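None of these values were measured; they are calculated from a predicted model.
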Amino acid sequence: MEILPRYNPKQVEPKILKSWLENGFFKAKITAKAKPFSIVIPPPNVTGILHMGHALNNTIQDVLIRYQRLKGSSVLWMPGTDHAGIATQNVVEKKLAKQGKNRKSLGRDNFLEEVWKWRDEYGTTIISQLEKLGASCDWERLRFTMDEAYSQAVTRVFVQLWRKKLIYQGNYIINWCPRCQTALSDEEAPRQEKEGFLYYIKYRLKNSDQFITVATTRPETMLGDVAVAVNPQDLRYQSFWGKTLILPLVEREVPLIKDKLVDSQFGTGAVKVTPAHDLADFQMASRCKELTPVLVMNPDATMNENAGVYQGMDRFQAREAIVESLKKLDLLEKIEPHSLAVGHCYRCNTIIEPYLSRQWFVRMKPLAKPAIKAVKKGDIKFYPQRWTKVYLNWMENIRDWCISRQIWWGHRIPVYYCRDCRKEVIASETKPEKCRFCKSTNLEQDQDVLDTWFSSWLWPFATFGWPFESSPVASCQLPVDIKKKKKEFEYFYPTSVLVTAPEIIFFWVARMIMAGFEFTGKLPFKDIYIHGTVRDKTGKKMSKSLGNTIDPLEVIEDFGADALRFSIILCAASGSDVYLSNERFLVGRNFSNKIWNAARFILLKIESLGIEIADFDFTQLADSEKWIIAELNQTVAAVSAHLDSFRLNEAAKEVYDFFWHDFCDWYIEIIKDDFSGTQAKVSLYILQESLKLLHPFMPFISEEIFGLIKKNTALTLPPALVVSAWPQCRKKIEPREIETFKALIKTVAEIRNIKAILGLSSRRLDLAIRTDSDHLQFLEANKIWLRRLTLADEVKFKDKNQGEDLTRVLYDNGLWQIDLDAGNISPESFVAVLDKKIQAKEAVAGKIKARLASQQFRKNAGSEKIAEEEFRLKDLQAELDRLEGLKDAYQ
RNA sequence: GGGCGAUUAGCUCAGUUGGCUAGAGUGUUUCCUUGACAUGGAAAAGGUCACAGGUUCAAGUCCUGUAUCGCCCACCA
């Protein structure tokens, strides 16, 4: 057998991945006796390429999934991608632009064909990247939000809500990009801080010389003013209440209204109300029924017919012209510099125009009710808990959801109009044949497309093939295996846990909960694990535009997927943000190598000694074996507990510490020079169980080593680690000798350290240890290890009861006596160092003693804690005795 | 403006219901290559757990306030 001393993930990972896929280990099946455990992946955008956020999100899910799989749950991890309306449309438009084409010249159908072509070609990039990461999704179930069946669910939902009168059409201010001629969501119109001006304009009172000054940053919109508003608490304007003002330039009469939205501290405390071009104004105006918005711009942001003499001017030209006119009329009081945050088109950086237009909405209040209740009752739980409040706060103040988008790529709104009589407006899963009123067949479908989230919010059940009842008018063919799908749905839904980022609690998580209740009558998932945001080491969000990204694929290339996974989990404390830098991945890489070499040692040793291992036999264990098994038991319990409560980082750390510091540093070192059959079996057993513990975090290397064990021993093992079983705690084993042995080594190390502190060479320490025959055997067996630690040329062991004095007993704790060549240490300084240590320990011991002496402590702490404290004190006391003994022996 | 979070070793971060003698990784310093691993081993230095009060037998952990930083939400024209 040949195993290289350095782990090479590049050779291992693709091979292992292939074998997992070929064997279908990730396939989900209904297993009657097993507990179902399911997760739906937060579908990445089809345009996506794997970034650290994905890596974190999917590693967490994979850890949970692999853990549950090992624990014997029937596991389903449902993968898929999101059509990501605007993002995808943009990508394709950009591609077309390079070919000198644009979507308008192509027309809707041709353009959509281009998008589909693009998606077929590039849409699986992210999927293969997730595979590389080791994500054990049931890939054969891969779903896409634009799949035929999925689209059917979307349409069904729209029609259902429409029939329940929960969908309506209304006017709303949207972010409009005049260059791209499309509406943008708030996320697509990021605000940028801009230096601008605040213009103070006088509005005259009707039939009076008095005036009110209003402040605005956008004078050109004043042409669309329909009122002036002040705060009802603002008594400065009390005399104007109920009066009418004259809008300058256009000479329109506008009322003065009171609205608590107005901040009396800002500007003059009076604000012009332009409902067609400002969201806040729109909301104010909609509270006063008699105010009708006046639109003053065309979609290309030139002024329209309502702008009078300014018609045809660009909005910024108009601004200048209007300011000039106002100046001439002496209606401009002053201009102040003012910085403000303006939305910019994320694609072309054009300044967004808030624009009044007709959009589709979902009435959210009724949907929110059960979703609020479920979280309040604790049927759905957030981890960490604090997000509960964020969620509830939003849900209780929920506003209607604007679901229409003026783009082409997406689910087209299933609403049909009659071109002839203009009366028919109907939502339908299929195109109606004729108009109900005039019988015309000249029907047309709404041009708009649904918000991407309107399909994503169905993800937890639409991915299962919901709705299972076919629509009486459904035109698309229903899947044949619909019964099977329904069964799977009933088995796996509600899903177990949702793993996602805080940014989309509102967009996605909350809406999925609402959809779950509305359409399936059940909650969509029981637990919600919200992980942190990935940031660079200075705390900035990782983003392409900042150029501070670390490419997970590069990390995989350099260190391996396991190293990436382990490192990222380790620094993702539950729910806190993840700060990353390249060095952080060294932890994972180094650990991979450590695991590799431990396995290498054990396997090569077994081979070279020709030990045949067919099964484990745990009778006749020595103390070192008992000890490591006990440590393993403890680790299994701790890791399970941590994973059960989503403390993945703690779990990972537990495995790391056990494997490295207990198993490698102590156990393997102890047995390495006395590697017999028992040691072989036990070390192999520990290795094998450790691999299971490691597997959720580091699936590739653990699987590879498992394969090596399978190949090189006669053990009967499951086909692969991924489908083996989570370790079970063996009967409790109390190790006896190992702790005293560790204490002995500590003592020796201490002497060596003191020598080093004193500036003496600690390089070599020859020593003799005299002890009773019980311990002697054990020490003899572990002599090499002791020598290695002490770097002594020779360690002599003597039986205490067999006479033969040591020349100089430096230390005697009853168990053993140590004699070493400390002759060159000056007694004063040696004792001084010891005294310092003793003092520190005594202080602590004093504290614990005081605690134990306190009546209150005894009353409140409980017997377990008291025992713990007593044990600690005893431990400390022994330590003190040891140090005192050392001191006495030396003096 | 509202809400939430953070502040612990030089750096990056852990620290579950108060019981801590405050940990890890990394960096620094010292020592260690024939026997799994230098991507390793043995050690050391480095912390009044942001600050000020409070509750408690006991506070990194709970409460109040202050400061600094960060995030989210919101309709400051």
Handout entry: Phosphate contact (A38(B) OP1 or OP2) by Arg6(A) side-chain N/O below 4.0 Å
Key = yes
Handout entry: Length of the CG-P vector between Leu570(A) and A24(B), whole Å
Key = 13 Å
Problem - Glycosidic conformation of U55(B), taking syn as within 90° of 0 and anti otherwise - result: anti
Completion exercise
For residues 843-852 of chain A, the side-chain hydrogen bond (donor to acceptor under 3.5 Å, both in side chains) pairs (sequence neighbours left out) are Arg851(A)-Glu869(A)
Practice task
With sequence neighbours left out, write down each residue that passes side chain to side chain contact (heavy atoms under 4.5 Å, CB included) with Ala229(A), or none if nothing qualifies.
Solution key: Ile257(A), Val262(A), Val271(A), Val273(A), Met284(A)
Handout entry: Nearest-nucleotide pick for Tyr656(A), side chain only, options being G19(B), A36(B), G25(B)
Key = G25(B)
Completion exercise
Of the listed G40(B), C37(B), A14(B), the closest approach to the Lys653(A) side chain comes from A14(B)
Completion exercise
Winner on side-chain proximity to Asn590(A), out of G40(B), C73(B), A36(B), is G40(B)
Practice task
Output, in order, the C-alpha distance, side-chain angles, deciding distance and verdict of side chain to side chain contact (heavy atoms under 4.5 Å, CB included) for Phe197(A) and Thr217(A).
Solution key: CA-CA 6 Å; Phe197(A) 297 97; Thr217(A) 52; over 6 Å; no
Practice task
Identify which nucleotide among A77(B), U16(B), G25(B) has an atom closest to any side-chain atom of Arg647(A), counting heavy atoms from C-beta outward.
Solution key: U16(B)
Problem - Where at least one partner belongs to residues 558-567 of chain A, residue pairs that pass salt bridge (charged side-chain N to carboxylate O under 4.0 Å, His left out), sequence neighbours excluded - result: Asp62(A)-Arg565(A)
Exercise for the section: Ignoring backbone atoms, test whether Arg851(A) places a side-chain nitrogen or oxygen under 4.0 Å from the OP1 or OP2 oxygen of U21(B). Expected result: yes
Handout entry: Atom-to-atom span, CD of Gln856(A) to P of G18(B) - whole angstrom
Key = 17 Å
Handout entry: Lys594(A) side chain near U39(B) phosphate (N/O to OP1/OP2, under 4.0 Å)
Key = no
Handout entry: Atom-to-atom span, OH of Tyr7(A) to P of A36(B) - whole angstrom
Key = 21 Å
Practice task
Starting from P on A36(B), measure out to CZ on Phe675(A) and report it in whole angstrom.
Solution key: 11 Å
Problem - Lys389(A) side chain near C4(B) phosphate (N/O to OP1/OP2, under 4.0 Å) - result: yes
Problem - Sequence neighbours excluded, every pair satisfying salt bridge (charged side-chain N to carboxylate O under 4.0 Å, His left out) that has a member inside residues 266-282 of chain A - result: Asp225(A)-Lys272(A)
Exercise for the section: Could you give me the stems involving RNA chain B, meaning stretches of three or more consecutive Watson-Crick or G-U wobble pairs whose two defining distances are both below 3.5 Å? Expected result: B:1-7 with B:67-73, B:10-13 with B:23-26, B:28-32 with B:40-44, B:50-54 with B:62-66
Practice task
Establish, with yes or no, whether the OP1 or OP2 oxygen of C73(B) is under 4.0 angstrom from a side-chain nitrogen or oxygen of Asn393(A).
Solution key: no
Exercise for the section: Rounded to the nearest angstrom, tell me the gap between atom CD in Glu869(A) and atom P in U21(B). Expected result: 7 Å
Handout entry: Contacts of type side chain to side chain contact (heavy atoms under 4.5 Å, CB included), residue Ala598(A), not counting sequence neighbours
Key = Phe659(A), Cys664(A), Ile668(A)
Exercise for the section: Please indicate whether Gln855(A) has more than 12 foreign heavy atoms, meaning atoms of other residues, nucleotides or ligands, lying under 6.0 Å from its CD. Expected result: no
Problem - hbond_proxy Glu669(A) side chain to A42(B) base (donor-acceptor, 3.5 Å cutoff) - result: no
Fill in the blank from the handout: Among U21(B), A36(B), G25(B), the one nearest any side-chain atom of His661(A) is G25(B)
Practice task
Please determine, for the side chain of Phe506(A), which listed nucleotide (A36(B), C73(B), G25(B)) has the closest atom?
Solution key: C73(B)
Problem - Residue Asp665(A), side-chain atoms from C-beta onward, closest of A36(B), C37(B), A42(B) - result: A42(B)
Practice task
Nearest whole angstrom, please: distance from the C1' of G15(B) to the CD of Glu650(A).
Solution key: 7 Å
Handout entry: Length of the CD1-C1' vector between Ile530(A) and G5(B), whole Å
Key = 15 Å
Problem - Shortest side-chain distance from Val262(A), nucleotide among G40(B), C73(B), A77(B) - result: A77(B)
Practice task
Using a strict 4.0 Å threshold on nitrogen-to-oxygen distance, state whether Arg600(A) and Glu704(A) make a salt bridge.
Solution key: no
Exercise for the section: Using atom CG of Asn231(A) as one end and atom C1' of A77(B) as the other, report the distance to the nearest whole Å. Expected result: 14 Å
